[in-house]
Amino acid sequence: MTSDASATDPLPGTTGTAPGDETGVPFLPWDDDATGATDLARELRRVRGLVAGSRFDDVHDAVTTVRELADHLEAVGTMVRPSDYATWGVPEHLASNPAIGSRNPVSPPLEPVVFPDATVRADLRLGIEYQGPPGCVHGGIVALIFDEMLGLANAAAKSVGMTADLRVIYTSPTPLYAPLRFEARQDRVEGRKIWASATLHTGETLCARAEALFIEPRGISDAQRDRPVEG
Ligand SMILES: CC(C)(COP(=O)(O)OP(=O)(O)OC[C@H]1O[C@@H](n2cnc3c(N)ncnc32)[C@H](O)[C@@H]1OP(=O)(O)O)[C@@H](O)C(=O)NCCC(=O)NCCSC(=O)Cc1ccccc1
């Protein structure tokens, strides 16, 4: 079978440089975990792209294989309970996140880097499994990535916030498979209110921008603020 080579291109430099040639530092570790679950998620991402973006004559054999895989995982795994996520900073909390989770096959290939001024950047390409209008990225996916990037910008600035108001202004279609650059930064903080903004470019073209208000949850401690959680 053939595939669009651009869909499998390696991601463009995820440790790129900001204007001024500062080098970004990876925001989150994407190391393989000892259990293999991160590798499993990576393969499932491939499967997701192939199923969404290919034509097949007959894949009933694959249905059987995947059903057996699901049965196997159900048998050997222990489900994480919602009560295990009662506090911020549980490792699986981030790993299962649909916007950035290393163990969530739904998550886009988001590998953000942070710059000394606490700007957060992610360079990525999105394949057909993220398609909305023909040839374009779904607007909801753009909003999802903005929400996550804004949260990371807050974390880079040592804030924790829940999204209260997220505005996305779409200025130009976001093309599939093209190099995309998300950049987010925290703008200001007043008490528990946190404002942050972000942009999405392909090349020199601004595809969308976001402006958001986050509210720090009641009872957040300095220790929780100081650790780079995802929100
Ligand atoms: C917590 C809060 C946002 C605020 O409630 P409380 O704590 O009771 O605070 P309170 O109502 O007292 O307001 C304080 C001040 O703020 C103001 N203000 C408030 N809202 C607005 C507004 N919309 N617009 C404008 N202003 C607003 C309000 O007027 C007041 O101002 P004042 O002091 O009088 O001048 C609550 O509404 C909520 O839970 N919403 C659902 C949030 C949610 O589910 N988000 C999605 C999930 S998060 C996600 O997915 C990202 C993520 C991923 C991973 C990890 C992390 C993050």
Side-chain angles (χ1 to χ4, degrees), residues 14-20 22-30 82 84-102 104 106-124 137-171 174 180-201 206-231:
T14 50
T15 54
T17 54
E22 294 155 330
T23 302
V25 174
F27 199 94
L28 301 164
W30 269 67
D84 294 340
Y85 297 120
T87 60
W88 296 80
V90 178
E92 291 86 358
H93 182 208
L94 184 55
S96 64
N97 179 312
I100 199 172
S102 60
N104 189 337
V106 167
S107 70
L110 200 60
E111 298 187 13
V113 295
V114 61
F115 293 93
D117 67 354
T119 297
V120 179
R121 171 186 291 176
D123 288 317
L124 76 166
V137 177
H138 195 294
I141 296 296
V142 170
L144 171 75
I145 298 177
F146 268 142
D147 196 16
E148 190 62 37
M149 290 293 290
L150 292 159
L152 292 172
N154 288 335
K158 310 257 185 249
S159 304
V160 175
M162 294 275 282
T163 318
D165 188 352
L166 173 62
R167 292 168 193 219
V168 179
I169 300 98
Y170 299 91
T171 51
T174 302
L180 304 178
R181 171 163 291 179
F182 285 85
E183 274 187 347
R185 64 211 61 81
Q186 187 179 88
D187 296 325
R188 68 185 200 282
V189 177
E190 286 173 22
R192 293 169 54 223
K193 295 183 190 173
I194 304 158
W195 284 268
S197 58
T199 54
L200 164 59
H201 284 87
L206 178 70
C207 299
R209 60 189 168 83
E211 295 163 6
L213 169 67
F214 292 80
I215 307 292
E216 184 184 91
R218 296 169 195 271
I220 285 287
S221 66
D222 283 348
Q224 285 172 308
R225 249 180 241 117
D226 271 353
R227 61 178 302 158
V229 291
E230 72 271 34

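No hydrogens, no waters, no symmetry mates; every other heavy atom, side chains included, goes into these values.
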- Task: Please step through side-chain contact (heavy atoms from CB on, under 4.5 Å) for the pair R185 and D117, ending with a clear verdict.
- Result: CA-CA 9 Å; R185 64 211 61 81; D117 67 354; over 6 Å; no
Looking at [atom1] of [X] and [atom2] of [Y], how far apart are the two atoms once the value is rounded to the nearest 0.5 Å?
X	Y	atom1	atom2	answer
E211	D187	CD	CG	8.5 Å
E111	L124	CD	CG	9.0 Å
K193	I215	NZ	CD1	6.5 Å
I100	L144	CD1	CG	10.0 Å
Y170	L206	OH	CG	12.5 Å
N154	Q186	CG	CD	4.5 Å

Minimum heavy-atom distance between [X] and [Y], given as atom pair plus value:
X	Y	value
S107	A99	CB-C, 3.7 Å
A156	F27	CB-CE1, 3.7 Å
F182	V142	CE2-O, 4.1 Å
R218	R192	CG-NH2, 3.5 Å
G161	P217	CA-CD, 4.2 Å
V120	P112	CG1-CB, 3.7 Å

- Query: Going by an N to O cut-off under 4.0 Å, is there a salt bridge joining R167 and D165?
  - Reply: yes
- Query: Can you find a heavy atom in the side chain of I145 that is under 4.5 Å from one in the side chain of L180?
  - Reply: no
- Message: With a 4.5 Å cut-off on side-chain heavy atoms, are F214 and V189 touching?
- Response: no
- Backbone N/O of C207 and side chain of T174: donor-acceptor pair under 3.5 Å: no
- Test side chain to side chain contact (heavy atoms under 4.5 Å, CB included) applied to R188 - qualifying residues, sequence neighbours left out: E190, W195
